[in-house]
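Quick notes on the structure that follows.
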Amino acid sequence: MKILVTGGVGYIGSHTCCELLANNYEVVIIDNLSNSSIDVVAKIEKITGKKVTFYEGDVCKKEILSKIFKQEKIDAVIHFAGYKAVGESVEKPLMYYRNNIDSTLSLLEVMKEYNCKKIVFSSSATVYGNPETLPITEDFPLHTTNPYGTTKLMIEQILADLYKADNNWSIAILRYFNPIGAHKSGIIGENPNGIPNNLMPYIVKVATKELKELNIFGNDYNTKDGTGIRDYIHVIDLAQGHIKAIEKITKEKGIDTYNLGTGNGYSVLDLVNTFKMVNHVDIPYKIVERRKGDIAICYASTKKAEKLLNWTAKLTLEDMCRDSYNYAIKNRKDK
Ligand code: NAD
Ligand code: UFG
């Protein structure tokens, strides 16, 4: 089976391409490299010992998509391409709506034209807003607080309407919780430009002494140690969830939504302490004001993915901390 992976050079996409290749799928990538580096294509091939077909281009542009669908016999699509920074989306909403919505519409139109009606879409736990109870199940009310989250919600709605109009589609919407970690080889991982917004990449830069100390955004939440709690999931577990989703949409028509998390909540201090213990490094930190828009606790119910996708996350917080650091160290040495 041949899978088109949009945004396949990015963080989650590259790990998913490795898992696809390891499971004997053929992989075609389209990425405009707006948030990734071309080297990753060769790294995917190095890890797997298999070839991928890479097209550099913008998923918003139907011409290149048509060219791909004409040249390759694509059986299904995993759609990762999009912008993902919450803060930036508040400052540049039009850029986010244009890229995330436009790319999805162009992709779906071309898929329809070539009668390829199987898609896995990357959504986010951000669509649950601030949940009233925990753990979060897929039927919770949806509410967004920033343009990035709203693009995800709008795309989920577009997919639901598309299926309503044509029951020949097979659609899996995956709502990711907090992906961290890296491939165990240390060859690919998360490598944000500049000062990271997210916790794990920031901790890693403190560990490698590129940043002086971690700012912990508040220790007065109603949690066990006052710091925010999240459901961190290893990117390899997440990637394997995509394989299960592809298996599901290949077998059955329909549309369904699945949380991809571990079901465990860990605090900021849990992550800091585990990182220190596993990697034998110091992570100096200071407590600062809460970050605007942050919620106290967020973790998934994973029952639906377990039951319907036959998928469950296996790797631990220790694995996530070890692999993130290993990637950073290896990457620095390679430079
Ligand atoms: P990423 O930025 O590393 O990867 C996205 C890739 O898409 C990049 O390689 C980028 O160059 C490419 N891209 C963006 N716009 C494009 C376009 N118009 N045409 C072609 N390529 C384009 O992000 P990621 O962390 O791998 O996230 C992948 C997907 O998962 C995104 O849709 C993101 O919103 C979603 N998601 C991520 C997280 C997270 O914490 N990383 C959480 C929930 C959901
Ligand atoms: N945090 C700090 N210091 C930092 C960065 C984060 O204390 O420098 C704290 C936050 O306050 C929060 C926790 O660490 O309590 C996790 O923060 P992240 O920024 O790593 O992750 P978020 O849960 O805020 O957001 C992430 C993605 C969003 C996505 C959301 C739900 O960035 O895109 O998960 O999936 F929408």
Side-chain angles (χ1 to χ4, degrees), residues 5-16 29-38 40 55-61 64-65 78-87 89 95-96 98-100 102-104 106-107 121-129 136 144-146 148-149 151-152 155 174-180 189-193 195-203 205-206 211 213-219 221 223 227-233 235 238-239 242 259-261 266-269 271-272 285-300:
V5 184
T6 77
V9 186
Y11 172 47
I12 304 170
S14 56
H15 291 82
T16 303
I29 296 176
I30 176 170
D31 198 304
N32 64 1
L33 306 176
S34 58
N35 196 36
S36 48
S37 156
I38 182 73
V40 171
Y55 291 84
E56 183 174 344
D58 186 339
V59 183
C60 299
K61 302 265 189 303
I64 180 151
L65 289 171
I78 306 181
H79 181 34
F80 291 108
Y83 296 148
K84 63 164 182 178
V86 172
S89 81
M95 188 173 109
Y96 270 68
R98 171 63 75 193
N99 192 45
N100 293 5
D102 222 12
S103 57
T104 308
S106 296
L107 177 66
F121 172 64
S122 302
S123 189
S124 164
T126 192
V127 298
Y128 295 116
I136 298 170
T144 60
T145 52
N146 57 75
Y148 163 69
T151 66
K152 294 293 177 194
I155 295 167
L174 305 181
R175 293 185 181 142
Y176 312 152
F177 280 68
N178 288 56
I180 58 172
E190 189 175 18
N191 205 356
N193 292 327
I195 296 180
N197 296 308
N198 298 115
L199 182 59
M200 180 57 100
Y202 205 109
I203 290 178
K205 283 202 189 295
V206 174
L211 291 169
E213 62 187 353
L214 171 69
N215 296 313
I216 295 185
F217 299 140
N219 66 350
Y221 286 105
T223 62
T227 66
I229 289 183
R230 296 291 183 275
D231 186 339
Y232 298 98
I233 173 168
V235 66
L238 192 70
H242 291 73
N259 286 339
L260 295 189
Y266 290 105
S267 73
V268 176
L269 286 173
L271 199 62
V272 169
Y285 67 81
K286 67 170 187 290
I287 308 293
V288 299
E289 288 290 283
R290 288 182 180 193
R291 182 170 65 179
K292 211 166 145 256
D294 271 357
I295 60 175
I297 313 183
C298 173
Y299 61 88

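FYI, side chains are in, hydrogens and waters are out, and symmetry mates aren't considered; it's all heavy atoms of this structure. Every number for a ligand or one of its atoms is a count from 1 in the order of the listing.
- Contact atoms of ligand 1 toward L33: 11 (O) (distance under 4.0 Å to a heavy atom of the residue).
- Put simply, part of Y232 is less than 4.0 Å from ligand 2, judged by heavy atoms.
- The closest non-hydrogen atom to atom 4 (C) of ligand 2, taken over Y202, Y176, F217, comes from F217.
- Close approach of ligand 1 to D58 (heavy-atom distance below 4.0 Å) involves ligand atoms 17 (C), 18 (N), 19 (N).
- Near S34, with a cut-off below 4.0 Å to any heavy atom, the atoms of ligand 1 are 10 (C), 11 (O), 13 (N), 14 (C), 15 (N).
- Atoms of ligand 2 lying under 4.0 Å from at least one heavy atom of G228, given by number and element, are 15 (O).
- Of the possible donor and acceptor atoms, none in the side chain of S103 sits under 3.5 Å from a partner among the backbone N and O of C60.
- Of all protein heavy atoms, the one lying nearest to atom 12 (C) of ligand 2 is R230 NH2, 3.6 Å.
- Below 3.5 Å of separation, one finds no N or O of V9 facing any N or O of ligand 1.
- When each atom of ligand 1 is checked for a heavy atom of D31 under 4.0 Å away, the hits are 6 (C), 7 (O), 8 (C), 9 (O), 10 (C), 11 (O), 12 (C), 20 (C), 21 (N).
- The closest donor-acceptor contact from the side chain of N100 to the backbone of Y83 lies under 3.5 Å.
- Within the listing of ligand 1, atoms 43 (C), 44 (C) sit less than 4.0 angstrom from a heavy atom of S124.
- If you number the atoms of ligand 1 from 1 as listed, the ones under 4.0 Å from a heavy atom of G57 come out as 19 (N), 20 (C).
- Checked for salt-bridge contact, R98 and D102 meet the test: a charged N lies under 4.0 Å from a carboxylate O.
- Below 4.0 Å from some heavy atom of S123 lie the following atoms of ligand 1, by number and element: 43 (C), 44 (C).
- Heavy atoms of K152 come nearer than 4.0 angstrom to ligand 1 in at least one pair.
- Stacking of R230 on the aromatic ring of Y266 is not recorded, the 6.0 Å distance cut-off and the 45° axial limit not both being met.
- A 6.0 Å sphere centred on OH of Y285 holds no more than 12 heavy atoms belonging to other residues, nucleotides or ligands.
- Of all atoms in ligand 1, listed by their number and element, those nearer than 4.0 Å to a heavy atom of V59 are 17 (C), 18 (N), 19 (N), 20 (C).
- Not a single heavy atom of Y221 sits closer than 4.0 Å to an atom of ligand 2.
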